[in-house]
Amino acid sequence: PGAAEWKKRSIYQVLTDRFAKSGPIVPETKIDMSSRPYCGGTWRGIIEKLDYIQGMGFDAVWISPVTKNIEEETFWGTAYHGCWQEDMYSVNPHFGTAEDLRALSDALHARDMYLMVDVVVNHMASTSNVDYSRYIPFNDSSYYHPKKFITDYNDQKLVEEGWIGDGKVPLPDLDTENPTVAHTLYAWVDALVKSFNIDGLRIDTVKHVPKEFWPGFVRAAGVWCVGEMLHGDPNFLGSYQPYVGGLLDYATYYPLQRAFKSRGGSMYEITNLLRPHYREKFKDTQQLATFIESHDMPRFPKIVSSDVAVVENALAWTFLTDGIPLIYYGCEQYFIGPPDMTENDDQSARQVMWDSGYKLTLLYHYLALLNQVRKLSWNAGFGTNLATAVHTDTNIAAIRKGPLLMCLSNEGSKSPSRKVFLHTTFPNGTVLVDVLTGQSIAVKHWTTIILIAGEPQIYLPHSLATQVCSEIIPPPPPTNV
Ligand code: ABC
Ligand code: CA
């Protein structure tokens with residue numbers, strides 16, 4: 001599948017090791033997470049939880065890298081995240097067999113869901129002494145850049161040729177400028193996609209490989225790819241889009257946090273992202289994956305706000321603007337991270353999911369609703385119209401996208417009711433229904449909208465709103481009156 005198919009979808013990201021074990025849930029003694037161990041999640045485990053994922057309306061699942069990793073226990077723990085590659089032609093036995101991975105692919109396809117696999121081509125991984133002979137297929141130092149760690153992330157040549165990691169776990173950097181290396185990687189990805197029937201790839205460390213490498217790689221993959229570039233600058237991010245296609249939208253990630261940060265956040269942070277001169281930095285904003293959480297950062301409730309009303313507003317933005325919604329497992333379980341973790345600890349968002357009991361929480365139903373709204377409106381103009389702001393102030397943003405109008409607030413559940421006067425851009429007399437509460441408004445030249453308890457409002461024209469399945473509509477929010 002290509003970009004056009006992926007744009008209509010929404011992605012649920014799991015860490016394979018942490019999401020689900022297969023078989024009956026047996027109570028276990030608390031795992032000691034300090035050694036960063038493999039916790040036992042598998043591809044079979046994911047298969048058993050597809051009802052849970054699909055029940056939220058997701059139609060694509062992103063899993064951890066699948067290749068065999070180094071087995072050692074290092075200073076930074078084990079390779080449970082899958083990014084420490086050793087043998088690119090074998091699968092990681094901790095996650096299952098090649099047959100299990102194929103079974104996951106088949107199980108997804110039987111539900112019309114897509115499989116997205118994380119791939120790493122920038123580096124392999126090692127313990128302190130690098131032994132090149134153990135790598136498959138790049139078993140000689142001549143396939144790598146000389147060992148030199150990246151000390152300055154603003155030095156682009158060093159970012160491309162230097163090594164990630166440190167003396168304890170160096171990540172030997174592949175010489176992707178060497179045509180033999182490049183062509184071997186192209187052949188590798190072609191075979192990987194075909195042998196597991198993969199529908200899309202998440203590409204690790206895109207900015208660590210020269211741009212020119214990527215078009216050949218994406219072509220060889222033959223499926224839509226979304227690249228990871230941990231970089232908040234939209235100009236830099238946008239400059240890679242012609243080479244990769246899809247990108248994880250880190251340029252939105254940081255403004256979103258600032259907008260929703262309790263006290264002091266401004267909604268101009270996000271409506272600015274909808275202005276033409278901002279969009280021009282990107283070839284196609286509909287190929288940006290929009291997210292509030294990832295496995296590399298602490299959870300949104302930890303660094304931004306744990307007020308559910310605020311989380312709901314941020315999620316509405318994720319689903320109902322132009323990018324492809326991307327949700328990291330556990331968001332719907334209100335995961336915040338272990339209390340003893342500091343804000344820069346990348347382990348804090350990697351809890352095991354089975355502790356949650358996979359409950360059908362309010363947020364679970366809310367995500368299902370967002371997915372449904374997006375799907376229902378897609379052909380009614382949502383897919384072809386870009387989002388535009390019709391009102392912005394410090395605390396409120398109202399955004400129109402095709403048939404949809406949403407009002408977002410960053411004030412939180414403790415805030416008093418707020419009245420806004422909007423020029424909605426819908427024709428006078430249009431009846432819009434808030435799918436969260438069922439309340440309707442009739443559009444006038446200036447329409448009054450009342451926001452209660454910091455909750456988002458998501459309006460659709462009456463005919464579309466009535467198609468939103470009522471049983472997934474969460475109970476109305478608590479009011480302060
Ligand atoms: C382990 C430990 C860490 C320890 C580290 C040395 O070793 O867990 O606690 O600090 C995998 C694992 C990690 C593991 C690493 C290294 O491997 O998941 O747990 O860390 O062994 C991708 C993946 C990530 C994966 C790898 C490696 C790469 O998403 O899960 O990590 O395969 C850089 C890369 C980025 C990479 C990230 C981890 O490191 O560019 O691709 N992610 C600046 C730089 C970024 C840099 C970032 C963090 O710092 O510009 O390039 O990311 O070091 C914004 C700015 C950004 C700035 C951020 C922090 O602030 O705009 O530029 O990012 O405002
Ligand atoms: Ca590199």
Side-chain angles (χ1 to χ4, degrees), residues 12-53 55-56 61-66 68-84 91-97 100 104 118 125 127 166 168-169 291-308 311 327-364 367:
Y12 188 74
Q13 179 195 355
V14 304
L15 280 191
T16 304
D17 178 59
R18 304 288 161 90
F19 182 65
K21 299 201 280 191
S22 82
I25 299 176
V26 278
E28 58 183 22
T29 44
K30 251 214 148 2
I31 310 171
D32 173 15
M33 298 299 274
S34 64
S35 63
R36 305 179 176 196
Y38 274 101
C39 292
T42 61
W43 296 316
R44 290 270 169 203
I46 301 172
I47 295 177
E48 290 169 24
K49 287 289 172 281
L50 289 183
D51 278 346
Y52 173 86
I53 298 173
M56 271 176 288
V61 180
W62 153 10
I63 61 172
S64 304
V66 300
K68 189 171 175 302
N69 277 217
I70 61 170
E71 280 298 333
E72 284 94 338
E73 254 197 56
T74 73
F75 178 85
W76 297 114
T78 66
Y80 71 89
H81 41 68
C83 302
W84 292 349
V91 300
N92 188 330
H94 295 272
F95 301 156
T97 62
D100 294 334
L104 171 59
D118 205 333
T127 49
D166 57 14
K168 296 183 172 105
V169 183
F291 59 95
I292 60 168
E293 292 184 338
S294 84
H295 64 295
D296 290 325
M297 309 288 175
R299 297 275 181 182
F300 185 91
K302 180 133 189 161
I303 44 176
V304 183
S305 170
S306 60
D307 184 328
V308 181
V311 176
I327 293 297
Y328 181 53
Y329 86 94
C331 168
E332 72 280 16
Q333 298 295 339
Y334 309 95
F335 277 3
I336 184 162
D340 53 327
M341 294 273 169
T342 64
E343 287 204 355
N344 357 337
D345 198 324
D346 70 356
Q347 305 302 299
S348 90
R350 302 183 182 186
Q351 278 161 280
V352 298
M353 183 70 172
W354 43 94
D355 280 354
S356 75
Y358 306 93
K359 285 188 291 289
L360 307 185
T361 62
L362 183 132
L363 271 186
Y364 179 98
L367 290 172

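From a predicted model like this one, the values you see are computed outputs, not experimental measurements.
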Peer 1: For the rings on Phe335 and Tyr328, is their centre-to-centre separation under 6.0 Å?
Peer 2: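 That pair fails the under 6.0 Å test.
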
Peer 1: Does Tyr12 form a side chain to side chain contact (heavy atoms under 4.5 Å, CB included) with Val14? I'd like the steps, not just the answer.
Peer 2: CA-CA 7 Å; Tyr12 188 74; Val14 304; 3.7 Å; yes

Peer 1: State whether the side chain of Ser64 and the backbone N or O of Leu15 hold a donor-acceptor pair below 3.5 Å, judged by distance alone.
Peer 2: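 No; zero donor-acceptor contacts below 3.5 Å.
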
Peer 1: Stepwise, does the side chain to side chain contact (heavy atoms under 4.5 Å, CB included) test hold for Tyr329 with Arg18?
Peer 2: CA-CA 9 Å; Tyr329 86 94; Arg18 304 288 161 90; 3.4 Å; yes

Peer 1: Check step by step if side chain to side chain contact (heavy atoms under 4.5 Å, CB included) holds for Met56 and Glu332.
Peer 2: CA-CA 9 Å; Met56 271 176 288; Glu332 72 280 16; 3.7 Å; yes

Peer 1: Could you report the tightest heavy-atom contact between Ser22 and Gly45, atom names first, then the distance?
Peer 2: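 Looking at all heavy atoms of both residues, the shortest contact is CB-N, 3.6 Å.
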
Peer 1: So, Thr16 side chain and Ile63 main chain: donor-acceptor pair closer than 3.5 Å or not?
Peer 2: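 Checked: no pair found.
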
Peer 1: Using the six-membered ring wherever Trp is involved, compare the ring planes of His295 and Trp62 and label them parallel, tilted or perpendicular (cut-offs 30° and 60°).
Peer 2: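 It falls in the perpendicular class, over 60°.
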
Peer 1: Given Met353, which partner from the list Lys49, Lys21, Gln333 fulfils the side-chain contact (heavy atoms from CB on, under 4.5 Å) test?
Peer 2: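 In the set Lys49, Lys21, Gln333, the residue that makes a side-chain contact (heavy atoms from CB on, under 4.5 Å) with Met353 is Gln333.
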
Peer 1: Working to the nearest 0.5 Å, report the span between CG of Leu104 and CG of Leu50.
Peer 2: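 Leu104 CG to Leu50 CG: 6.5 Å, rounded to 0.5 Å.
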
Peer 1: Does any part of the side chain of Ile336, heavy atoms only, come nearer than 4.5 Å to the side chain of Gln351, both counted from C-beta?
Peer 2: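 SC-SC contact between Gln351 and Ile336 ruled out.
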
Peer 1: Taking the side chain as every heavy atom from C-beta outward, state whether Cys39 and Met33 have any pair of such atoms under 4.5 Å apart.
Peer 2: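 The answer is yes; the side chains approach within 4.5 Å.
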
Peer 1: With a 4.5 Å limit on heavy-atom distance, are the side chains of Tyr334 and Val311 in contact?
Peer 2: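 No, too far: nothing below the 4.5 Å cut-off.
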
Peer 1: Give me the atom names and distance for the closest heavy-atom approach of Glu293 to Phe300.
Peer 2: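 Looks like OE2-N, 2.9 Å.
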
Peer 1: How about Arg299 and Ser348: do any of their side-chain heavy atoms sit closer than 4.5 Å?
Peer 2: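 SC-SC contact between Arg299 and Ser348 ruled out.
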
Peer 1: Answer whether the closest heavy-atom distance between the side chains of Phe95 and Tyr38 falls below 4.5 Å.
Peer 2: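 SC-SC contact between Phe95 and Tyr38 confirmed.
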
Peer 1: To the nearest 0.5 Å, how far apart are CE in Met297 and CD1 in Ile292?
Peer 2: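 One finds 13.5 Å between CE of Met297 and CD1 of Ile292.
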
Peer 1: Rounded to the nearest 0.5 Å, how far does CH2 of Trp76 lie from NZ of Lys168?
Peer 2: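 Answer for the NZ-CH2 pair, Lys168 versus Trp76, is 7.0 Å.
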
Peer 1: When rounded to the nearest 0.5 angstrom, what distance separates CD1 in Ile53 from CD1 in Ile327?
Peer 2: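 Ile53 atom CD1 to Ile327 atom CD1 measures 12.5 Å (nearest 0.5 Å).
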
Peer 1: Taking the side chain from Asn69 and the backbone from Cys83, do they hold a donor-acceptor pair closer than 3.5 Å?
Peer 2: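 Yes; at least one donor-acceptor contact below 3.5 Å.
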
Peer 1: Hey, could you give me the CZ/OH distance between Phe19 and Tyr52, rounded to the nearest 0.5 Å?
Peer 2: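 One gets 6.5 Å once the value is rounded to the nearest 0.5 Å.
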
Peer 1: Do Arg36 and Tyr80 have side chains that approach each other closer than 4.5 Å (heavy atoms only, starting at C-beta)?
Peer 2: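 Arg36 reaches Tyr80 side chain to side chain.
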
Peer 1: Is there a side-chain contact between His94 and Glu71, using heavy atoms and a 4.5 Å cut-off?
Peer 2: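 The answer is yes; the side chains approach within 4.5 Å.
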
Peer 1: Would you compute the distance between atom OG1 of Thr74 and atom CG of Asp166 and round it to the nearest 0.5 angstrom?
Peer 2: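 Here the interatomic distance stands at 8.5 Å.
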
